[in-house]
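First the proteins, then the strands, lettered A, B, ... as listed; each starts at 1.
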Number of protein chains: 2
Amino acid sequence: MRKISATIKDVAKYTGLSIATISKYINGGNVLDKNRKKIEEAIKVLDFRVNELARGLKTNRTMTVGVLIPSLKNIFFTSIISNVENILLKHGYSTIVCDYRESSNLEKEKLNFLVNKMVDGIIVVPHGGDVSHIQDVRDKNIPIVFIDRMIKEIDCDVVLSDNLNAAYEAVEQLIIRGHRRIGIIAGPKDVYTTKERVKGYIRVHEDHDVNVDESLIKYGDYDIKSGYNILQKFIEMDSPPTSIFVTNYEMTLGAIMAINENDIKIPDQMSLVGFDNIQMAKVVKPSLSIVVQPIEQIGETAANILLKRLKNDYEGFPSTNRLKTEIMIKDSVGTIRS
Amino acid sequence: MRKISATIKDVAKYTGLSIATISKYINGGNVLDKNRKKIEEAIKVLDFRVNELARGLKTNRTMTVGVLIPSLKNIFFTSIISNVENILLKHGYSTIVCDYRESSNLEKEKLNFLVNKMVDGIIVVPHGGDVSHIQDVRDKNIPIVFIDRMIKEIDCDVVLSDNLNAAYEAVEQLIIRGHRRIGIIAGPKDVYTTKERVKGYIRVHEDHDVNVDESLIKYGDYDIKSGYNILQKFIEMDSPPTSIFVTNYEMTLGAIMAINENDIKIPDQMSLVGFDNIQMAKVVKPSLSIVVQPIEQIGETAANILLKRLKNDYEGFPSTNRLKTEIMIKDSVGTIRS
DNA sequence: TTAAAGGAGCTAAACGTTTCGCGTTAGGAG
DNA sequence: CTCCTAACGCGAAACGTTTAGCTCCTTTAA
């Protein structure tokens with residue numbers, strides 16, 4: 001059986017002091033120097049560690065934060081978590097990570113699970129659609145920070161990319177280079193990021209007096225397959241677009257697969273701007289132009305806001321942190337001579 | 001402040017029963033039907049949830065499992081975790097995920113952190129090198145399952161790919177196609193997987209009576225940069241290899257970058273076999289031949305073994321689970337006419 | 001010399017469960 | 001009608017902490 005470790009009681013016995021004094025020492029209180037030495041010795045000798053359960057029971061805090069993302073196989077999200085986890089850990093918090101595999105039901109279930117685990121706070125990439133279960137959590141006064149997507153219905157701190165401008169700038173680069181028929185492979189129609197990116201796409205057309213052809217706006221699922229299928233459809237159009245803007249990483253992969261299979265020459269036959277993952281951009285040939293989200297910064301910001309809320313500092317609540325993206329134009333974008 | 005939720009006491013009061021009876025009900029004991037109904041009603045009305053801290057304090061279990069991997073940005077590991085997490089959750093366990101960013105010190109620190117968090121079990125991709133801190137955890141009788149890498153010094157359940165045969169088969173495909181100078185981009189010299197893969201590389205040479213040129217075995221860091229650098233070095237050799245076998249995903253990326261930059265024609269000038277990530281394999285052009293590890297299965301196996309050990313079933317301990325890999329030969333491998 | 005002030009330590013209650021051992025009850029058998 | 005046997009319910013202790021409020025002692029200033 002598991003060896004039971006020393007308790008505060010053992011330390012008290014060893015040192016001849018009372019439990020209260022040991023507790024005081026542990027929590028940074030003042031004790032006499034000779035006692036401090038004795039306690040430290042005892043802790044070392046007995047290999048004493050605070051029982052976080054007992055502590056949590058008293059303090060009503062688990063020093064645990066739940067992180068809920070759509071998929072652990074999505075490097076965009078796991079990279080964010082990597083930062084979140086490291087920052088939280090520095091403040092003594094551990095991170096329970098769950099993914100909900102893009103299922104709204106699972107999201108609900110896992111959120112509930114996290115609440116049962118009595119996490120002190122939650123960082124979540126909300127799925128959208130029905131959000132009542134998130135509201136339920138808010139009602140329990142558990143701090144929540146949204147990442148990547150906003151839920152208008154719920155007052156909450158949120159950290160995300162400036163998706164509108166990201167799309168704006170990406171498409172603008174194409175317009176500048178003479179493209180007039182620009183296809184966009186967007187995400188699911190009801191997801192926040194999709195709407196923002198499409199908004200940017202439309203606005204830049206308007207600002208440059210380019211007509212928006214609705215048939216060039218196609219909605220996918222943010223997965224590889226839909227990127228593939230939609231690109232295929234674009235190719236089969238009577239007058240296909242001269243360039244494509246793909247709005248997330250997985251669909252970018254799918255689009256490239258379709259391009260490769262159809263032996264389409266980039267950028268001569270078609271220009272391409274993708275999304276996320278610099279490494280990928282460098283690996284494909286010709287090198288891919290992409291929109292880059294500030295992944296590190298998103299994680300950092302989210303973690304810090306949550307830490308602030310955990311300290312009961314609700315200054316600026318609810319804050320919306322819209323972080324700037326970058327655009328990298330590489331060989332996959334060509335110029336149209338008109 | 002956080003709303004304080006109903007306790008077992010409140011349920012007792014509501015139902016007029018004693019605390020002990022409620023507890024009994026919660027834990028699946030028998031209660032009279034009318035009482036059961038009342039309790040269920042009370043739980044619903046009061047929104048009662050078991051306080052896991054209090055429970056854990058009594059039972060000495062946290063229903064929490066720690067997972068420690070080298071990097072959360074490595075999709076190979078996060079995919080495994082995705083499975084692990086889902087299986088464990090079905091059994092009521094939550095998963096605390098940490099990465100140690102390839103640093104042995106951080107590994108130690110985070111392992112310690114997990115122990116302090118009183119996890120019931122640990123799944124770890126060990127870094128290798130000094131392993132005394134892992135032994136310390138074992139000595140506390142906390143079940144540990146190793147993933148991906150074996151530590152000979154420690155008796156432990158381990159789940160990994162059959163790396164030796166993976167390399168054997170990959171290189172064999174090259175030999176069959178007439179290649180005689182096959183470069184291998186291996187991982188760090190002291191990592192278990194590296195050794196196994198190099199062993200396979202050497203053995204297949206011997207079995208086919210092909211001479212092993214030591215200068216064709218180069219050791220990297222399992223990161224993108226070293227894949228890039230080593231491929232560069234191969235190119236600059238007086239008589240460069242006709243084919244390259246890269247032994248993990250990140251280095252495969254790096255290698256392809258170098259190939260693209262040097263405008264090397266695949267497979268005419270050089271054949272390439274990479275590692276992991278089917279999606280990548282399909283996206284690059286020409287389509288990449290790769291070794292595929294049974295990612296799903298690794299996670300599943302590890303989770304199940306850990307669950308078994310958590311139930312104190314030590315049948316077959318320590319078990320070594322070596323799972324079969326697959327090889328996909330695509331366009332990046334060509335035949336040498338001799 | 002004495003009083004005030006402040007530091008350090010102590011006692012004891014409390015957090016929300018589980019669990020042991022005992023008391024109560026219902027219902028069937030005789 | 002009585003007795004016995006399960007089944008069910010209960011009281012109380014225990015898990016390892018934190019913390020409020022108290023006491024005691026030392027120090028300092030008048």
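- In this structure, the CD1 atom of A:Ile19 is 10 Å from the C1' atom of C:dT11, given to the nearest Å.
- Tested against B:Val11, the residues B:Ile19, B:Val45, B:Ile22 include a single side chain to side chain contact (heavy atoms under 4.5 Å, CB included) partner, B:Ile22.
- At the phosphate of D:dG16, neither OP1 nor OP2 sits under 4.0 Å from any side-chain N or O atom of A:Thr7.
- Close to C:dT18, at under 4.0 Å from its OP1 or OP2, lies a side-chain N or O of B:Ser23.
- Rounded to a whole Å, the CD1 atom of B:Ile22 is 15 Å from the P atom of D:dC8.
- Atoms CG (B:Asn116) and P (D:dT17) sit 12 Å apart, rounded to a whole Å.
- Taking CG of A:Leu88 as the start and OG of A:Ser94 as the end, the distance is 9.0 Å to the nearest 0.5 Å.
- For the pair A:Thr21 and C:dC10, the criterion of a side-chain N or O lying under 4.0 Å from OP1 or OP2 is met.
- To the nearest 0.5 angstrom, A:Thr62 atom OG1 is 3.5 Å from A:Asp120 atom CG.
- Regarding B:Ile43, its CD1 atom lies at a distance of 10 Å from the P atom of C:dT17, rounded to whole Å.
- At whole-Å resolution of the value, CG in A:Asn51 and C1' in C:dC15 are 13 Å apart.
- In this structure, A:Arg61 places its CZ atom where only 12 or fewer heavy-atom neighbours from other residues, nucleotides or ligands lie under 6.0 Å away.
- Within residues 25-39 of chain A, the residues approaching DNA chain C are A:Asn30, A:Val31, A:Leu32, A:Asn35, by heavy-atom distance under 4.0 Å.
- At a threshold of 4.0 Å, the pair A:Arg49-A:Asp47 counts as salt-bridged, since one of the basic side-chain nitrogens sits closer than that to a carboxylate oxygen.
- Here the P atom of nucleotide D:dG9 and the CD1 atom of B:Ile8 are 14 Å apart, to the nearest Å.
- Remark: A:Glu85 does not engage A:Lys90 in a salt bridge, criterion side-chain N to carboxylate O under 4.0 Å.
- What separates CZ of B:Phe48 from C1' of C:dG16 is a distance of 8 Å, to the nearest Å.
- With rounding to whole Å, B:Lys24 atom NZ is found 5 Å from D:dC8 atom C1'.
- Heavy atoms of B:Leu17 sit under 4.0 angstrom from primed sugar atoms or phosphate atoms, though from no base atom.
- Screening A:Asn74, A:Ile295, A:Ile298 for a side chain to side chain contact (heavy atoms under 4.5 Å, CB included) involving A:Ser79 leaves a single residue, A:Ile295.
- Along DNA chain C, the nucleotide nearest A:Ser18 and the nucleotide nearest A:Lys58 are compared for position; the residue whose nucleotide lies closer to the 5' end is A:Ser18.
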